[in-house]
Number of protein chains: 2
Amino acid sequence: MGETAETGSSRTRPTIYDVAKAAGVAPSTVSRAFSRPGRVNADTADRIRRVAHELGYRTSPIGRAMPDGRTALLAIVVADLTNPFFFEIIRSAEKTAIDAGYTLLVVDAHESSGAERRALERTLPLVEGVVLATSRLSDAAIRAVAKQRPTVVMNRVVADVPSVVTDNAQGMRRAVEHLAGLGHSRLTYLAGPEASWADGMRWRAFREATQELGLRARRLGPFAPTLAGGLSAAQALTTHSATATVAYNDLVAIGTMRGLTRLGIEVPRDLSVVGFDNIFGSDFCTPPLTTVASPLRHFGTFAVQRLLNQLRSPSAGPSVATSSGLSAPALLPAKLVERGSTSRRP
Amino acid sequence: MGETAETGSSRTRPTIYDVAKAAGVAPSTVSRAFSRPGRVNADTADRIRRVAHELGYRTSPIGRAMPDGRTALLAIVVADLTNPFFFEIIRSAEKTAIDAGYTLLVVDAHESSGAERRALERTLPLVEGVVLATSRLSDAAIRAVAKQRPTVVMNRVVADVPSVVTDNAQGMRRAVEHLAGLGHSRLTYLAGPEASWADGMRWRAFREATQELGLRARRLGPFAPTLAGGLSAAQALTTHSATATVAYNDLVAIGTMRGLTRLGIEVPRDLSVVGFDNIFGSDFCTPPLTTVASPLRHFGTFAVQRLLNQLRSPSAGPSVATSSGLSAPALLPAKLVERGSTSRRP
DNA sequence: CCGCCGACGGCAACCAATTGCCGCAGACCC
DNA sequence: GGGTCTGCGGCAATTGGTTGCCGTCGGCGG
C-alpha cells in the first residue's frame with residue numbers, strides 16, 4: 001500500500017531522472033530505452049521499463065516536444081460539430097491520423113469566424129498540422145494559418161493551400177438533371193452562409209445547370225445551415241412558384257421539409273426537395289431525403305493524408321508545394337442518392 | 001515582401017530569444033513584458049510587443065508549460081462522437097471551459113474501451129483534467145485515470161470519482177408510467193452495451209417500475225447503441241408479444257422503428273416505442289419519438305464545473321474529496337417528452 | 001554633494017526530455 | 001596476445017519560457 005499511495009500521488013509525476021535513479025542508470029539511457037528500441041541492451045531496457053511501470057512513470061509530452069518541436073498532434077477544425085456532415089469526416093480523419101502515429105484534436109468553430117480564429121489561436125501552437133473543414137475564415141486568414149503550420153482546407157479552394165473538395169458542380173448538375181427529368185422547370189436554390197465557399201460553388205453550378213437545361217432558377221437566402229434555417233426557408237418558399245428546390249445542405253433541406261409540412265405543403269407531392277451531403281438522418285426523416293452524396297469517408301482520409309505528406313517533406317514550403325502541384329485541389333466525386341423527397345411535377 | 005516571406009516561414013517559429021535580439025533586450029525581459037505586467041518599463045514593454053508582433057511571435061505553450069506544468073487544456077472523452085447525444089454536452093462543456101480560460105479537447109473513443117484507453121494514454125499527459133462522458137472503461141481503469149488527473153465521470157458512478165448523472169430511475173419511471181397509462185401491460189426493454197453503466201441503471205429502474213405497477217417486463221439485447229443496433233432489435237422484437245418497448249437510447253429506438261416499419265409493423269399503432277436522451281433527430285424521425293429527455297446542456301456545464309473545482313483546490317486529493325462530499329454524484333433530473341411514437345394499446 | 005532607495009533589466013538556473021559525441025569494455029580476428 | 005570493431009551507456013548541450021537574485025542607474029532627500 002505504501003508505495004502505491006506514495007507513487008500514485010498526483011503531486012509530482014515521476015520523471016526519467018527518478019526512473020534512472022531507481023534503475024541505477026543514466027537518464028539518457030531511460031530515454032533511449034523508450035524512444036530508441038534496440039539502442040539499449042534488452043535486459044537493461046526491460047529493467048528500466050519495469051521500474052518505470054512500478055513508479056507509474058509516464059513520458060511527459062512537454063519535455064518531449066521541446067528538442068524537436070514534435071507533439072504528434074494534429075487538429076481538425078470543423079464549422080459545426082453538431083452538423084452530421086462532419087461525422088464520417090472526423091471518423092476517417094481520426095483513423096488516418098492514428099494509423100500514422102498522430103493524435104487528432106477535434107475543434108468546434110461554432111459556425112463563427114471569430115470562434116474559429118480564437119480556437120485556432122489556442123490550438124495552433126500545440127499541433128503540427130491542421131485540417132480546416134469548411135472554414136468560415138477569410139482566404140487571408142487561412143493563408144496566415146498555413147504560414148504557421150502545414151494546413152489542408154476542405155470544401156474550399158484557397159490559393160497556395162492544399163485542399164480537398166467535393167465536385168460540387170458535378171453533384172449539382174446531377175441534382176438539376178434529376179429534377180428536370182421529373183418535369184420540373186422552376187427551381188429554387190436555398191442558399192447557405194455567405195462565408196461558405198461551398199455555397200458559392202453550389203449556387204454557381206445551380207445557375208449554370210439550370211441555364212443549360214432551359215429551366216428557371218431563383219435563389220433564396222442566405223439561411224443558417226441548420227434545421228432552424230430550413231424552417232425559415234420553408235416560410236420564404238411559400239411566396240415562390242417553384243415546384244422543386246435544392247437546398248444548400250441536408251440540414252436546411254430537412255428543416256425545410258418540416259416547415260413545409262407545418263404549412264400544409266406536402267413533400268414531394270406539392271414540392272420536391274433535394275439536399276446536399278447525405279448526412280446522418282437524411283434517410284430516416286420524412287420523407288427520406290433525395291440528396292447529393294459527398295464521399296464523406298474519403299474526405300477525412302484524403303485531407304489527413306495530404307497533411308501527412310506536408311509533414312513528411314518539411315523542406316517543401318507552401319510556395320514549393322504550388323509548383324510541385326501539392327496544393328492543387330483534390331476533387332472528390334459526388335453522386336445523387338434518390339429517395340422519397342422528389343417526384344414528378346404535380 | 002522580403003520580411004514577410006522571411007519571418008513568416010514556418011520553418012522555425014520565432015522565440016523570445018529572437019524577439020529579445022531584435023528588440024535589443026534580454027530574453028527574460030521579453031518574458032516579463034508578456035507575463036508580468038508592470039514589472040517592465042511601459043516603453044520597453046511596448047517596444048517589445050511591437051517587435052514581437054512584427055516577427056509574428058506567439059508564446060509557445062510548451063516552454064510555458066514547463067515551469068509549473070500548466071497547459072490550460074482540458075479533455076472530454078466521449079463514447080461516440082457521432083452520437084447526437086453528445087452534441088449539447090460538448091457544446092456546453094466547451095463554453096464552460098473557455099469561460100474559465102481553458103481549451104477543451106474533444107476525444108472520440110469509438111465505443112471501444114481499447115480505443116478509449118489508447119486515446120487517454122495520448123491525451124492525458126497533455127491536459128490538466130478530463131471529463132469521461134459515458135466511459136466504457138472499467139471502474140478500476142477510471143480510478144487509475146483519476147489518480148493521474150482530476151477527473152469527472154458522466155452518466156456513471158465510480159467510487160471516489162466525482163460524477164454527473166441523469167436521474168435514470170426517475171426518467172424510466174416516467175416512461176413506464178406513461179405506457180401503463182396508455183393501457184400497455186407487456187413491456188420490453190431493449191438493452192444497450194454491457195459496458196454501459198447507464199444501461200444497467202435503466203434496466204434496473206425498468207424492472208422496478210414495471211413490478212410496482214404490476215406489468216410484465218422482459219429484456220432483449222444487448223444491442224449496439226446505434227441505428228444498426230435498433231434494426232436488430234426490431235427483428236428480435238417480432239418474437240415478443242409486448243405492445244410497448246423502451247429502448248436503451250434514441251438511436252436504438254429510431255433504428256427499431258425503422259426496422260419495424262420494414263417488417264410491416266406500424267408504430268405506434270401496433271407497438272409503442274420510447275427512447276432515451278432526446279437527441280437531434282428524435283423530433284423529425286417518423287413518427288416523432290417519445291423519449292426521456294436528459295438535461296444535456298447542463299450536463300457538460302456541470303461536469304466541467306466540477307472539474308474546475310478540483311483544479312482550483314489541488315490540495316484536495318480524491319480521498320479528501322470523498323469526505324468533503326465533492327465526489328458525490330450530481331443527479332440531474334429527467335423528463336418525458338411525449339411525441340408520436342406511443343399511443344393507447346391496440 | 002553624498003547616500004539611500006527603488007525601479008528596471010540581465011544572468012543563470014530550472015523544468016523534462018532528446019541526442020551527438022565519447023569512452024569503456026568485451027568480443028573477435030589475425 | 002594485441003589490435004580493432006562494435007555494442008552499450010554516460011556526459012553534457014539543447015530547447016523555450018519563467019523566475020530568483022543581483023547589479024546598475026537614476027532620482028531624491030538630507
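Letters A, B, ... mirror the listed sequences (proteins, then strands); counts begin at 1. Computed from a prediction, not measured in an experiment: that's the story for all the values here.
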Novice: Side-chain polar contacts of residues 88-109 of chain A - donor-acceptor pairs under 3.5 angstrom, sequence neighbours left out - could you list them?
Specialist:
{"residue": "A:E88", "atom": "OE1", "partner": "A:R297", "partner atom": "NE", "Å": "3.1"}
{"residue": "A:R91", "atom": "NE", "partner": "B:D108", "partner atom": "OD2", "Å": "3.2"}
{"residue": "A:R91", "atom": "NH2", "partner": "B:D80", "partner atom": "OD1", "Å": "2.4"}
{"residue": "A:S92", "atom": "OG", "partner": "A:E88", "partner atom": "O", "Å": "2.8"}
{"residue": "A:S92", "atom": "OG", "partner": "A:I89", "partner atom": "O", "Å": "3.1"}
{"residue": "A:S92", "atom": "OG", "partner": "A:R297", "partner atom": "O", "Å": "2.8"}
{"residue": "A:E94", "atom": "OE1", "partner": "B:H110", "partner atom": "NE2", "Å": "3.2"}
{"residue": "A:K95", "atom": "NZ", "partner": "A:D99", "partner atom": "OD2", "Å": "2.8"}
{"residue": "A:T96", "atom": "OG1", "partner": "A:S92", "partner atom": "O", "Å": "2.8"}
{"residue": "A:Y102", "atom": "OH", "partner": "A:R70", "partner atom": "NH1", "Å": "3.4"}
{"residue": "A:T103", "atom": "OG1", "partner": "B:R122", "partner atom": "NH1", "Å": "2.6"}
{"residue": "A:D108", "atom": "OD1", "partner": "A:L81", "partner atom": "N", "Å": "3.2"}
{"residue": "A:D108", "atom": "OD1", "partner": "A:H110", "partner atom": "N", "Å": "2.9"}
{"residue": "A:D108", "atom": "OD2", "partner": "B:R91", "partner atom": "NE", "Å": "3.0"}
{"residue": "A:D108", "atom": "OD2", "partner": "B:R91", "partner atom": "NH2", "Å": "3.4"}

Novice: Has the side chain of B:T44 got a donor or acceptor atom sitting under 3.5 Å from an opposite partner on the base of C:dC8?
Specialist: no
Novice: Kindly write out the residues that satisfy side chain to side chain donor-acceptor pair (under 3.5 Å) with A:E111, not counting sequence neighbours, or none if the list is empty.
Specialist: A:R136
Novice: State, to the nearest 10°, the angle formed by the axis through the first five base pairs of the helix from C:dC1-D:dG30 to C:dC30-D:dG1 and the axis through its last five.
Specialist: 50°
Novice: Tell me which pairs pass ring pair (Phe, Tyr, Trp, His ring centres under 6.0 Å) where either residue lies in residues 47-74 of chain A, with sequence neighbours left out.
Specialist: A:F34-A:Y57
Novice: Is it true that A:F87 and A:F299 have ring centroids separated by less than 6.0 Å?
Specialist: no
Novice: Please state whether the phosphate of D:dT18, meaning OP1 or OP2, lies under 4.0 angstrom from any side-chain nitrogen or oxygen of B:R36.
Specialist: no
Novice: Can you name the side chain to side chain donor-acceptor pair (under 3.5 Å) partners of A:N41, sequence neighbours left out?
Specialist: none
Novice: Who are the side chain to side chain donor-acceptor pair (under 3.5 Å) partners of A:N83, not counting sequence neighbours?
Specialist: none
Novice: Roughly, in whole Å, what's the span from CD1 in A:I48 to C1' in C:dT18?
Specialist: 15 Å
Novice: Between A:K21 (NZ) and C:dA17 (P), how many Å, whole number?
Specialist: 14 Å
Novice: Does the base of D:dC11 carry an N or O that pairs as donor and acceptor with the side chain of A:S28 under 3.5 Å?
Specialist: yes
Novice: Should B:T29 be listed as having a side-chain N or O under 4.0 Å from OP1 or OP2 of C:dG10?
Specialist: yes
Novice: Does B:S31 have any side chain to side chain donor-acceptor pair (under 3.5 Å) partners at least two apart in sequence or in another chain, and if so, which?
Specialist: none
Novice: Would you mind classifying the nucleic acid contact of A:F34 as base, sugar-phosphate or nothing, using non-hydrogen atoms under 4.0 angstrom?
Specialist: nothing
Novice: Measure from the side-chain heavy atoms of B:Y57 and tell me the nearest of D:dG17, D:dT18, D:dG9.
Specialist: D:dG17
Novice: Which residues satisfy the salt bridge (Lys or Arg N to Asp or Glu O under 4.0 Å) test with B:R50, sequence neighbours excluded?
Specialist: none
Novice: Rounding to a whole Å, what distance do you find between A:I16:CD1 and D:dG10:C1'?
Specialist: 13 Å
Novice: Considering only residues two or more places apart or on different chains, which pairs with a residue in residues 133-156 of chain B satisfy ring pair (Phe, Tyr, Trp, His ring centres under 6.0 Å)?
Specialist: none
Novice: Between D:dC8 atom C1' and A:D46 atom CG, what is the distance in whole Å?
Specialist: 15 Å
Novice: Taking the side chain as every heavy atom from C-beta outward, state whether A:L307 and A:L74 have any pair of such atoms under 4.5 Å apart.
Specialist: yes
Novice: Is there side-chain contact between B:L132 and B:E116, with at least one heavy-atom pair below 4.5 Å?
Specialist: yes
Novice: Where the side chain of A:A26 is defined as all heavy atoms beyond and including C-beta, which of D:dC11, C:dG10, C:dT19 is the nearest nucleotide?
Specialist: D:dC11
Novice: Select base, sugar-phosphate, or nothing to describe what B:V25 touches, counting heavy atoms under 4.0 Å on all strands.
Specialist: sugar-phosphate
Novice: Under 3.5 Å between N/O atoms: give me all the protein pairs with nucleotides 23-25 of chain D, atom names plus distance.
Specialist:
none

Novice: Strictly under 4.0 angstrom, non-hydrogen atoms only: write out the protein contact profile of nucleotides 21-28 of chain C, one letter per nucleotide from the 5' end, B, S or -.
Specialist: B-------
Novice: A:Y17 near the nucleic acid: base, sugar-phosphate alone, or nothing, with a heavy-atom cut-off under 4.0 Å?
Specialist: base
Novice: Going by the salt bridge (charged side-chain N to carboxylate O under 4.0 Å, His left out) test, which pairs reach into residues 23-44 of chain B, not counting sequence neighbours?
Specialist: none
